[in-house]
Amino acid sequence: MCGRFVAVSSPQLLAEHFAVDEIRVEGHAASWNVAPRADVLVVVADPRTEGTPRVLEPMRWGLVPGWAKDLGIGDRLINARAETVAQKPAYERSFRGRRCIVPADGFYEWRTEREPGVGGRTRAVKQPVFIHDRGGEPLALAGLWATWRDPEDPDAPWIHSCAIVTTRANALLASLHDRMPVVLPDAAWDVWLDPATDDLARLQGLLVPAPETQLELWDVSTRVNKADHDGPDLVDRLPARTLFGT
DNA sequence: CCAGACGTTGTT
DNA sequence: GTCTGG
DNA sequence: CCAGACGTTGTT
DNA sequence: GTCTGG
């Protein structure tokens, strides 16, 4: 479900919003159509640096665990279920020690509609819906991250990758789908990011549906459906459709 | 997530 | 149907 | 013990 | 690495 989102806010704005100490990225492009395997900006508390500063850095979307033989597994590890994240071998280590926030200016869900097609048949239409903060603030999506290095190549660089955590949908989204990404409230950021937090039950308690009042949604163009389309127009509100409209 | 492909050989 | 690419 | 997977979603 | 299935 949660396989496409919007990342438009500049590193500077994100650094301010998330109280980031250090920006470790330059020249990162905004995207209104972030798909799996893209590089996304992530907020993480770096335990290897004195004082575990909050850092903004790019990571590949699709988690590649340290034991993976190649990058391919990341294609399937884009969403971690909150209910089972502590148990799953692919996520367990990251959940215990490598949690992050994936900033998003919104995300997409799809409504499958039936339209009259040729010869009296019906045709499935994937209608994208843009979901975002009512006040236009970036959302703090709960994320997990991992480091991986090609075991075949001793000179290979370390690759940082991430996944987002999903939970059951709130009432606003329930008619679209039964899952949604976890959106962390400000008060939860510290505990979630701190690598030293070892109260797993407390962490899991943070992984609940966002309040309906925080979010707003509207239909957008099906141009979103092609992952290589991009631009501000992808989040424009679609005119309400009439019974006989197109 | 959706859209689009879904294959192998030998040759440059 | 299932996998890959974006 | 070894081998093999390691994930989620939606849709009919 | 770690878990599950056989």
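Keep in mind that what you see is a predicted model, and the values were worked out from it rather than measured. Residue numbering restarts at 1 for every chain, and letters A, B, ... go by the order of the sequence lines.
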Checklist outcome for this item: Each base of DNA chain B marked ( ) or [ ] if paired in-strand (Watson-Crick or G-U under 3.5 Å), | if paired to another strand and . if unpaired gives ||||||......

Checklist entry - If only side-chain N and O atoms of A:His177 are considered, is one of them under 4.0 Å from the OP1 or OP2 phosphate oxygen of D:dG10? => result yes

Item to check | Short side-chain N/O contact from A:Lys226 to OP1 or OP2 of B:dG4, under 4.0 Å | outcome: yes

Item to check | Short side-chain N/O contact to D:dT8 OP1/OP2 from A:Arg76, under 4.0 Å | outcome: no

Checklist entry - Under 4.0 angstrom, heavy atoms only, what part of the nucleic acid is A:Arg168 near: base, sugar-phosphate, or nothing? => result nothing

Checklist entry - What is the distance from atom CH2 of A:Trp192 to atom CZ of A:Arg202, rounded to the nearest 0.5 Å? => result 12.5 Å

Checklist entry - salt bridge (charged side-chain N to carboxylate O under 4.0 Å, His left out) with A:Arg54: which of A:Asp21, A:Asp194, A:Asp190? => result A:Asp190

Checklist entry - Quick one: do the A:Asp46 and A:Thr49 side chains pair a donor with an acceptor below 3.5 Å? => result yes

Next on the checklist: Enumerate the ring pair (Phe, Tyr, Trp, His ring centres under 6.0 Å) contacts for residues 44-71 of chain A, please, sequence neighbours excluded, ordered by first and then second residue.
Outcome noted: A:Phe5-A:Trp61

Checklist outcome for this item: Considering only heavy side-chain atoms of A:Arg4, the closest of D:dG10, C:dG6, D:dT8 is C:dG6

Checklist entry - Can any side-chain N or O of A:Asp230 pair as donor or acceptor with the backbone N or O of A:Trp32 at less than 3.5 Å? => result yes

Checklist entry - How many Å lie between CG on A:Leu77 and C1' on D:dT9, as a whole number? => result 14 Å

Checklist entry - Are A:Trp67 and the base of D:dC6 stacked, counting only ring centres nearer than 5.5 Å and planes tilted under 30°? => result yes

Checklist entry - According to a strict under-4.0 Å criterion, is A:Asn225 in side-chain N/O contact with OP1 or OP2 of B:dA3? => result yes

Next on the checklist: If the cut-off is 4.0 Å, is A:Lys126 near the phosphate of B:dC2, judged by side-chain N/O to OP1 or OP2?
Outcome noted: yes

Checklist entry - Within the structure shown, what part of the strands sits under 4.0 Å from A:Ser31 by heavy-atom distance: base, sugar-phosphate, or nothing? => result nothing

Next on the checklist: What verdict does the side-chain hydrogen bond (donor to acceptor under 3.5 Å, both in side chains) test give for A:Thr166 and A:Asn79, after you've listed the backbone C-alpha separation in whole Å, the side-chain angles of each residue and the deciding distance to 0.1 Å?
Outcome noted: CA-CA 6 Å; A:Thr166 66; A:Asn79 292 158; 5.7 Å; no

Checklist entry - So what does A:Pro36 hit on the nucleic acid, given a heavy-atom distance under 4.0 Å: a base, only sugar-phosphate, or nothing? => result base

Checklist entry - To the nearest Å, how far apart are A:Arg81 CZ and D:dG7 P? => result 12 Å

Checklist entry - Can you tell me how far P in C:dG1 sits from the matching atom in B:dT9, rounded to whole Å? => result 29 Å

Next on the checklist: Over all strands shown, is A:Phe5 touching base, sugar-phosphate only, or nothing at heavy-atom distances under 4.0 angstrom?
Outcome noted: nothing

Checklist entry - Touch check for A:Ala90, heavy atoms < 4.0 angstrom, all strands: base, sugar-phosphate only, or nothing? => result sugar-phosphate

Next on the checklist: The side chain of A:Ala35 is closest to which nucleotide in this list: C:dG6, D:dG10, D:dC6?
Outcome noted: C:dG6

